[in-house]
Asks: 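What follows is a structure written as structure tokens; I'll ask about it next.
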Amino acid sequence: MKAPLPREFYLDPPEVVTRRLLGKVLVRRHEGRRLAGRIVEAEAYCGLDDPASHSFIGKTARNAVLFGPPGFAYVYFIYGMHFCMNISCEPEGQPGGILLRALEPLEGLATMAALRGLPANANPRLLTSGPGRLCEALGITRPLHNGMDLTRPRSELRIEDDGFIADAIDASPRIGIRKAADWPLRFALSGNRFVSR
DNA sequence: GGAGCGATGTCCT
DNA sequence: GGACATCGCTCCG
């Protein structure tokens, strides 16, 4: 079993860590099975400097994880039915975060399809292309995973480096927000067909 | 393949 | 009360 990425990986500002995360592999141990997907799309949220960030308003019960140390999962519930997963970055007290928006599924596709309520042979694009979809496909929920340390050895949720080298990266405005809607903080692997939309 | 829209819980701007 | 870092379904072309 590969070691998870270390805490230092997440210590830098959100734009930096978001680019650095593209191509890395999100791994979830779910009922003895390994589910894995390559991060192909993510967005940076720049804390107190960013009106679109959940942490812009200051520390609350919901966003407390973002104010903690880097390398922890911030999972929240949105629109009454979906979970979204972020990773805290920057030193403790600076509430930067990265929203994971799409994965390229690598391992455990049949289990992901089942968790998504789809047939085992479903189009893999429907499994993990979108922030709500990827959480459902990997069984990531707020009660189970909010506040989980992604750097702990054998953590059931972690990020690994499999040696993949990101080629070109595209930057574009973030999806689904109203404030700071034109800031180019959405990053994706160029040409990857699992990028959302 | 795109625009429009309803579903639904949690948290406060 | 209202907003919300979404998704999947219609209806139309």
Side-chain angles (χ1 to χ4, degrees), chain A residues 10 13-19 21-22 26 37 39-68 70 72-90 94-105 112-119 121-148 150 157 159 169-189 191 193-197:
Chain A
Y10 305 101
E15 319 86 275
V16 175
V17 180
T18 304
R19 289 175 166 276
L21 272 169
L22 292 180
L26 178 64
I39 299 169
V40 300
E41 178 187 350
E43 290 176 351
Y45 285 88
C46 302
L48 302 172
D49 306 317
D50 180 357
S53 171
H54 284 184
S55 50
F56 182 68
I57 59 171
K59 189 174 179 176
T60 66
R62 177 171 73 148
N63 66 26
V65 174
L66 291 172
F67 287 80
F72 284 74
Y74 166 52
V75 183
Y76 67 91
F77 193 55
I78 190 70
Y79 294 119
M81 55 184 80
H82 301 293
F83 294 103
C84 292
M85 175 180 168
N86 294 247
I87 302 166
S88 64
C89 69
E90 300 186 299
Q94 294 176 245
I98 299 109
L99 170 70
L100 301 185
R101 285 200 56 88
L103 309 177
E104 174 176 345
M112 292 184 193
L115 286 165
R116 291 266 299 116
L118 297 169
N121 64 347
N123 180 353
R125 272 223 38 169
L126 296 176
L127 297 178
T128 52
S129 292
R133 288 171 169 177
L134 75 88
C135 283
E136 190 172 44
L138 270 59
I140 296 168
T141 66
R142 178 156 96 136
L144 287 179
H145 301 292
N146 188 47
M148 180 166 284
L150 302 175
L157 193 60
I159 298 179
I169 291 174
D170 296 327
S172 57
R174 294 172 292 185
I175 304 287
I177 56 171
R178 304 165 68 93
K179 289 166 279 188
D182 56 339
W183 297 11
L185 292 176
R186 171 182 181 237
F187 300 99
L189 294 181
R193 72 181 198 285
F194 293 93
V195 172
S196 70
R197 288 195 168 198

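Fair warning: this is a prediction, and the values are worked out from it, not measured in the lab. So that the names make sense, note that chain A is the first sequence line, chain B the second, and so on, each numbered from 1.
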Asks: Start with the C-alpha gap between A/Met148 and A/Ile140, add the side-chain angles, then the distance that decides, and say whether side-chain contact (heavy atoms from CB on, under 4.5 Å) holds.
Replies: CA-CA 11 Å; A/Met148 180 166 284; A/Ile140 296 168; over 6 Å; no

Asks: Please report the shortest heavy-atom distance between A/Ala137 and A/Leu115, naming the atom on each side.
Replies: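 Heavy atoms of A/Ala137 and A/Leu115 come nearest at O-CD1, 3.2 Å.
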
Asks: Which nucleotide, if any, forms a Watson-Crick or G-U wobble pair with C/dA5, using both distances under 3.5 Å?
Replies: none

Asks: Would you mind reading off the distance between A/Arg62 atom CZ and C/dA5 atom P, rounded to a whole angstrom?
Replies: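 Going from A/Arg62 (CZ) to C/dA5 (P), I get 7 Å.
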
Asks: Can you label the angle between the A/Tyr76 ring and the A/His54 ring as parallel, tilted or perpendicular, going by 30° and 60°?
Replies: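 The rings of A/Tyr76 and A/His54 stand perpendicular, inter-plane angle above 60°.
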
Asks: Measure OH/A/Tyr76 against P/B/dT8 and give the value in whole Å, please.
Replies: 20 Å

Asks: If you only use heavy atoms from C-beta on, which nucleotide in B/dT10, B/dA7, B/dT13 is closest to the side chain of A/Phe77?
Replies: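 Nearest nucleotide to the side chain: B/dT10.
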
Asks: Taking 4.0 Å as the cut-off, does a side-chain nitrogen or oxygen of A/His54 come that near to OP1 or OP2 on C/dA5?
Replies: yes

Asks: Run the side-chain contact (heavy atoms from CB on, under 4.5 Å) check on A/Leu185 and A/Tyr45 step by step: do they pass?
Replies: CA-CA 8 Å; A/Leu185 292 176; A/Tyr45 285 88; over 6 Å; no

Asks: Could you please spell out the steps behind the side-chain contact (heavy atoms from CB on, under 4.5 Å) verdict for A/Val75 and A/Arg142?
Replies: CA-CA 5 Å; A/Val75 183; A/Arg142 178 156 96 136; 4.2 Å; yes

Asks: Classify A/Arg197 by what it touches in the nucleic acid, base, sugar-phosphate, or nothing, heavy-atom distance under 4.0 Å.
Replies: nothing

Asks: Now, which nucleotide makes the Watson-Crick or G-U wobble pair with B/dT8, with each of the two distances under 3.5 Å?
Replies: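 The base-pairing partner of B/dT8, which may sit in any strand shown, does not exist here.
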
Asks: Give the rounded distance in Å between these two atoms: CH2 of A/Trp183 and P of C/dA5.
Replies: 15 Å

Asks: Could you work out which one of B/dC12, C/dC7, B/dT8 sits closest to the side chain of A/Met81?
Replies: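 Closest nucleotide among those given: B/dT8.
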
Asks: Please report the C-alpha distance between A/Ile39 and A/Ile98 in whole Å, then the side-chain angles of each, then the deciding distance to 0.1 Å, and finally whether the side-chain contact (heavy atoms from CB on, under 4.5 Å) criterion is met.
Replies: CA-CA 12 Å; A/Ile39 299 169; A/Ile98 299 109; over 6 Å; no

Asks: For A/Arg142, which contact category applies under a 4.0 Å heavy-atom criterion: base, sugar-phosphate, or nothing?
Replies: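 Touches sugar-phosphate only.
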
Asks: If stacking means aromatic ring centre less than 5.5 angstrom from the base's six-membered ring centre, planes under 30°, is A/Tyr79 stacked on B/dG9?
Replies: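 Stacking is absent between B/dG9 and A/Tyr79, given that the ring centres and planes do not meet under 5.5 Å and under 30°.
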
Asks: C/dC9 C1' sits how many Å from A/His82 NE2, rounded?
Replies: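 Distance check: A/His82 NE2 to C/dC9 C1' gives 12 Å.
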
Asks: Any base atoms under 4.0 Å from A/Tyr45, or only sugar-phosphate, or nothing? Heavy atoms, all strands.
Replies: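 Counting heavy atoms under 4.0 Å across all strands, the contact made by A/Tyr45 includes a base.
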
Asks: Measure from CZ on A/Arg133 to P on C/dA5 and round the result to the nearest Å.
Replies: 19 Å

Asks: Could you check how far CD1 of A/Ile87 sits from C1' of C/dA5, rounded to whole Å?
Replies: 14 Å

Asks: Using only side-chain N and O atoms of A/Arg101, determine if any of them is under 4.0 Å from OP1 or OP2 of C/dA5.
Replies: no

Asks: Atom CE of A/Met85 to atom P of C/dT6: distance rounded to whole Å?
Replies: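 Atom-to-atom, A/Met85 to C/dT6, this comes out as 16 Å.
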
Asks: Taking the minimum atom-to-atom distance to the side chain of A/Leu99, which one of C/dG8, C/dA5, C/dT6 wins?
Replies: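 Looking only at heavy atoms from C-beta outward on A/Leu99, the closest nucleotide is C/dA5.
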
Asks: Would you indicate, yes or no, if B/dC12 has its OP1 or OP2 atom less than 4.0 angstrom from a side-chain nitrogen or oxygen of A/Thr60?
Replies: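 So the side-chain polar atoms of A/Thr60 do come within 4.0 Å of the phosphate oxygens OP1 or OP2 of B/dC12, strictly under.
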
Asks: Please figure out whether A/Leu126 or A/Ser55 has its closest DNA chain C nucleotide nearer the 5' end.
Replies: A/Ser55

Asks: Taking for each residue the nucleotide of DNA chain B bearing the nearest heavy atom, is the 5' side occupied by A/Gly80 or by A/Lys179?
Replies: A/Gly80

Asks: Give the rounded distance in Å between these two atoms: CD of A/Glu43 and P of C/dT6.
Replies: 8 Å

